[in-house]
Amino acid sequence: MSIQLAAGDVARWRRDWEAMMRHYQPDRDDLLAAGLAAVEQVHGGAPGRVLDVGGGVGTTAESVLRRWPGTRVTVLDVDPALLASAAVALPQVRTVRADLGSARWPALAGGPYDLVMALMTVHYLPEGRVREWYAQVRKVLRPGGLLLVGDVMPDTPVAERPQGGGTDPWTAWWTVLAREPAMASLLSERAAALAGLTCADFFAPVDWHRETARRAGFGEATVLHRRTGHALVAFR
């Protein structure tokens, strides 16, 4: 990569990113622990290959590697600025730039994977695209592999995220990053990559995800963690 980012700056950005994610994903540590423990139970140990879909700056991938140092991890995201930070912090991780809204992302992701993770990711896609996404995930999963989906899953579908007053943590994080001279070219690249893309804010209940995954060919769905409208579900 021609753009050089200082490791210290990247560490600070990633620390603040993780703090932001804990705002949007309550009980994040317990959620991740429940998911990784379930993977070990299914596979009888650490998975060989893991795909972190919408993995951003790689903090989830880092948690995976702390637990399973020998696992080969791929972080997939549409955002070049986030992937650049992941690549600096985790040089042992493969990064892939791909848009989940495109049918091409499974080919770019490669595989097969023993585990695919999507934490706070699928709500970016509209309902119809989420249905297609579940079917596409099966193309990159090894037979017997596990899919973990963690997101806002309220009891009934909602059209959009409730908005509060003031600046939300997501906007605040990007505002700070925009002041960093080292990020200027990457943020320009990001603007071009995300042009025309929007967040659908599609939040569906667990039963909707279970039925959608079943129609896509998954046979088993287990709720591993649930709190304040969020859930982590394992699909096989």
Side-chain angles (χ1 to χ4, degrees), residues 1-26 28-29 31-32 51-65 73-102 104-105 108-109 117-126 129 150-152 158-203 230:
M1 181 178 297
S2 60
I3 299 170
Q4 298 298 316
L5 301 178
D9 290 337
V10 169
R12 173 166 49 86
W13 302 334
R14 295 176 76 248
R15 182 192 64 233
D16 293 343
W17 173 274
E18 183 66 10
M20 174 184 63
M21 291 305 298
R22 290 170 189 274
H23 169 83
Y24 290 116
Q25 196 171 46
R28 180 167 163 81
D29 288 338
L31 180 145
L32 273 173
L51 174 64
D52 184 10
V53 175
V57 299
T59 54
T60 298
E62 190 170 13
S63 296
V64 168
L65 288 169
V73 179
T74 297
V75 174
L76 182 147
D77 206 291
V78 69
D79 193 318
L82 301 183
L83 288 176
S85 294
V88 170
L90 303 171
Q92 72 273 44
V93 164
R94 175 176 172 247
T95 58
V96 174
R97 181 171 156 188
D99 176 11
L100 294 181
S102 165
R104 295 182 59 246
W105 78 264
L108 296 172
M117 308 176 68
L119 304 184
M120 296 302 290
T121 298
V122 296
H123 71 266
Y124 279 86
L125 304 174
R129 190 71 191 99
D151 217 305
V152 179
V158 295
E160 61 183 20
R161 184 193 306 274
Q163 296 296 321
T167 302
D168 62 279
W170 174 267
T171 301
W173 189 84
W174 283 105
T175 299
V176 170
L177 205 66
R179 302 190 188 113
E180 301 284 351
M183 289 298 297
S185 59
L186 276 169
L187 291 177
S188 294
E189 185 180 350
R190 175 181 190 265
L194 272 60
L197 300 182
T198 59
C199 177
D201 277 343
F202 174 67
F203 304 117
H230 290 70

### Query
For Ser102 and Arg129, which heavy atoms make the closest approach, and how far apart are they?
O-NH2, 3.1 Å
### Lys/Arg-Asp/Glu bridge criterion (N-O < 4.0 Å) met for Asp99, Arg104
no
### Query
What are the two closest heavy atoms between Pro80 and Arg97, and how far apart are they?
CB-NH1, 3.8 Å
### Query
Is there side-chain contact between His123 and Val152, with heavy atoms separated by less than 4.5 Å?
no
### Task
Side-chain contact test, heavy atoms from C-beta onward, threshold under 4.5 Å: evaluate it for Leu119 versus Leu32 and give yes or no.
yes
### Task
Could you name each residue pair satisfying salt bridge (charged side-chain N to carboxylate O under 4.0 Å, His left out) that touches residues 85-95, not counting sequence neighbours?
none
### Task
Quick one: closest heavy-atom pair of Val10 and Ser85, and the distance?
CG1-O, 3.5 Å
### Query
So, do Val78 and Leu194 sit near enough that their side-chain heavy atoms are less than 4.5 Å apart?
yes
### Task
Could you grab the distance from atom OG1 of Thr198 to atom OH of Tyr124, nearest 0.5 Å is fine?
11.0 Å
### Message
With heavy-atom distances below 4.5 Å as the criterion, would you say the side chains of Phe202 and Leu125 are in contact?
### Response
no
### Query
What distance do Thr95 atom OG1 and Leu90 atom CG have between them, rounded to the nearest 0.5 Å?
10.0 Å
### Task
Grab the two heavy atoms, one from Ala98 and one from Leu108, that are nearest each other, plus how far apart they are.
CB-CD1, 3.7 Å
### Query
Considering only heavy atoms from C-beta outward, does the side chain of Asp52 approach that of Val64 to under 4.5 Å?
no
### Arg14 bridged to Glu18 by N-O distance under 4.0 Å
no
### Message
I want to check something: taking the side chain as every heavy atom from C-beta on, are Leu177 and Asp16 in contact at a cut-off of under 4.5 Å?
### Response
no
### Task
State, yes or no, whether a side-chain contact exists between Glu62 and Val73 at a heavy-atom distance under 4.5 Å.
no
### Query
Does any N or O in the side chain of Thr121 come within less than 3.5 Å of the main-chain N or O of Val53, such that one atom is a donor and the other an acceptor?
yes
### Task
Answer whether the closest heavy-atom distance between the side chains of Met183 and Val176 falls below 4.5 Å.
no
### Query
Given the rule in the side chain to side chain contact (heavy atoms under 4.5 Å, CB included) test, do Arg12 and Glu180 qualify, once you have shown the distances and angles that lead to the verdict?
CA-CA 12 Å; Arg12 173 166 49 86; Glu180 301 284 351; 3.1 Å; yes
### Task
Specify the closest pair of heavy atoms between Val75 and Val93, including all atoms of both residues, with the distance to one decimal.
CG2-CG1, 3.6 Å
### Query
Can you check whether Trp170's main-chain N or O pairs, donor with acceptor, with Tyr24's side chain at less than 3.5 Å?
yes
### Summary
Smallest heavy-atom separation, Trp13 atom then Trp173 atom, equals O-NE1, 3.1 Å
